[in-house]
Amino acid sequence: MNLRLPLLDADPASPFPPAESALREPDGLLAMGGDLSPARLLDAYAHGIFPWFSQGQPILWWSPDPRTLFRSDGVRLSSRTRRQFRSSHWQIVADRDFGAVIAACATAPRPGQDGTWITPGMQAAYSELHRLGHAHSIEVHDGERLVGGLYGVAIGRMFFGESMFSAESGGSKAALAGLAWRLREWEWPLIDAQVGNPHLAMLGAEAWPRPRFLAAIAGLCAQPGKPGAWAEGFGVLPASTLARAIPARRVA
């Protein structure tokens with residue numbers, strides 16, 4: 001990579017460059033190097049920064065502008081998806097099998113992408129964050145089968161989404177809707193989705209200018225959160241409940 005980027009110090013406690021100094025092209029590229037230690041990752045997320053790089057590249061750190069996010073009361077489902085969930089036996093739970101979720105996200109095919117940014121090193125790093133009670137998986141089960149899910153990082157009352165997958169149509173939507181429903185109950189207002197696309201927009205995602213996003217997460221990350229495993233506190237949420245609880249998407 002020939003770009004002139006700040007090189008992070010080897011000390012995980014060393015600060016990141018200000019997010020405002022990120023490049024415009026490629027949008028949000030901020031720095032390179034460092035490591036994926038828990039301390040470094042938690043500091044990054046708290047400052048609106050996340051790692052994203054491919055196998056063989058150095059660790060790259062990003063803070064795009066605008067930033068894509070969901071309000072926890074703003075996720076929307078199509079009428080078709082609501083009908084699907086209404087007759088579904090799926091159940092949404094949390095932190096029952098983080099390893100299976102991140103592995104499924106790593107191998108999920110994505111249009112326009114070759115390979116995955118969820119490298120073995122990334123999987124190990126987020127699995128360690130999960131062991132420490134900071135990273136969480138939301139899982140959608142059809143009996144014993146995992147049909148969808150997502151994972152991300154929680155700091156204070158802010159959830160930073162990382163990736164999601166579907167093994168059956170609608171699986172990732174159920175995971176997102178279930179997460180949003182529980183976070184709304186817990187009075188966590190936002191879910192970071194990093195970079196937008198048409199699919200996220202159809203589900204209710206918004207694009208915020210980076211300064212607004214950074215100001216919002218600064219306050220949320222400083223508040224008391226829910227460290228530790230979420231399996232018990234999240235409980236079991238039937239997908240059929242989401243069909244009644246999540247509003248329908250408006251058709252333009």
Side-chain angles (χ1 to χ4, degrees), residues 41 45 50 69-70 72 75-77 81-82 84-110 116-120 122-155 157-186 188 190-194 199-200 203-205 225-246:
L41 286 170
Y45 283 103
F50 58 88
L69 54 79
F70 291 93
S72 60
V75 172
R76 298 292 182 262
L77 299 174
T81 300
R82 285 156 58 87
Q84 175 192 1
F85 290 175
R86 194 174 297 122
S87 60
S88 170
H89 297 291
W90 292 357
Q91 294 186 322
I92 299 99
V93 297
D95 287 348
R96 305 290 178 89
D97 198 343
F98 184 90
V101 171
I102 194 170
C105 288
T107 57
R110 304 184 191 278
T116 179
W117 73 94
I118 310 173
T119 63
M122 289 278 273
Q123 292 185 52
Y126 286 88
S127 294
E128 177 65 7
L129 274 185
H130 172 67
R131 187 187 70 80
L132 295 172
H134 303 297
H136 304 281
S137 58
I138 308 301
E139 302 141 29
V140 184
H141 290 272
D142 184 359
E144 296 298 316
R145 184 167 180 251
L146 184 64
V147 298
L150 62 81
Y151 74 95
V153 176
I155 303 176
R157 289 201 300 126
M158 181 67 201
F159 190 88
F160 298 90
E162 266 297 312
S163 186
M164 57 186 181
F165 82 98
S166 292
E168 289 190 13
S169 177
S172 62
K173 295 175 185 177
L176 175 63
L179 171 65
W181 185 251
R182 279 292 184 251
L183 293 186
R184 181 182 178 185
E185 289 185 331
W186 295 347
W188 294 34
L190 301 177
I191 303 169
D192 177 31
Q194 297 182 350
H199 175 67
L200 296 180
L203 292 171
K226 291 183 177 291
W230 283 5
E232 183 175 348
F234 191 95
V236 179
L237 180 61
S240 57
T241 298
L242 299 177
R244 300 186 299 271
I246 302 294

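All residue numbers in this chain count up from 1 along the given sequence.
- Using a 4.5 Å heavy-atom threshold, the side chains of Y151 and F165 count as separate.
- The ring-ring contact (aromatic ring centres under 6.0 Å, His included) test applied to H130 returns F98, not counting sequence neighbours.
- Pairs of residues two or more places apart, or lying in two chains, that qualify as salt bridge (charged side-chain N to carboxylate O under 4.0 Å, His left out) and include a residue from residues 137-148 are R145-E168.
- For Q123, the side-chain contact (heavy atoms from CB on, under 4.5 Å) test picks out I102, A103, A106, I118, with sequence neighbours left out.
- No donor-acceptor distance shorter than 3.5 angstrom exists from the side chain of S166 to the backbone of S169, with no hydrogens or angles considered.
- Remark: S240 engages no residue in a side chain to side chain donor-acceptor pair (under 3.5 Å) (not counting sequence neighbours).
- Here salt bridge (charged side-chain N to carboxylate O under 4.0 Å, His left out) pairs that include residues 229-244, with residues two or more places apart or in two chains, number zero.
- Judged as a side-chain contact (heavy atoms from CB on, under 4.5 Å), and not counting sequence neighbours, the contacts of A154 are H136, F159, W188, W230.
- Note that the CD atom of Q194 and the CZ atom of F50 stand 4.0 Å from one another [nearest 0.5 Å].
- Atom OG of residue S137 and atom CG of residue L146 lie 8.5 Å apart, to the nearest 0.5 angstrom.
- Scored by the ring-ring contact (aromatic ring centres under 6.0 Å, His included) test, Y45 finds F160 as partners (sequence neighbours excluded).
- Residues forming a salt bridge (charged side-chain N to carboxylate O under 4.0 Å, His left out) with D192 (at least two apart in sequence, or on another chain): R67.
- Here the CD1 atom belonging to I191 is positioned 5.0 Å from the CG atom belonging to L183, to the nearest 0.5 angstrom.
- Inter-residue side-chain proximity for I246 and T81 is flagged as unmet; no heavy-atom pair is nearer than 4.5 Å.
- Applying the side-chain contact (heavy atoms from CB on, under 4.5 Å) test to R184 and every residue at least two apart in sequence or in another chain returns S72, D73, W181.
- Distance CG/L69 to CE/M158: 6.5 Å, rounded to 0.5 Å.
- Taking each heavy atom of L203 and F70 in turn, the nearest pair found is O-CE2, 3.5 Å.
- Between the CG atom in L237 and the CZ atom in R182 there is a gap of 5.0 Å [rounded to 0.5 Å].
- Applying the side chain to side chain donor-acceptor pair (under 3.5 Å) rule to R131 yields the partners E128; only residues at least two apart in sequence or on another chain are considered.
- Rounding to the nearest 0.5 Å gives a distance of 5.5 Å between NE2 of H199 and NZ of K173.
- The shortest non-hydrogen separation linking A239 to F85 is O-CB, 3.5 Å.
- With sequence neighbours excluded, no residue satisfies side-chain contact (heavy atoms from CB on, under 4.5 Å) with P227.
- The shortest distance between side-chain heavy atoms of V153 and L129 falls below 4.5 Å.
- Between the side chain of R76 and the backbone N or O of G204, no donor-acceptor pair lies under 3.5 Å.
- Sorted by first and then second residue, the salt bridge (charged side-chain N to carboxylate O under 4.0 Å, His left out) pairs with a member in residues 87-108 form an empty list; sequence neighbours excluded.
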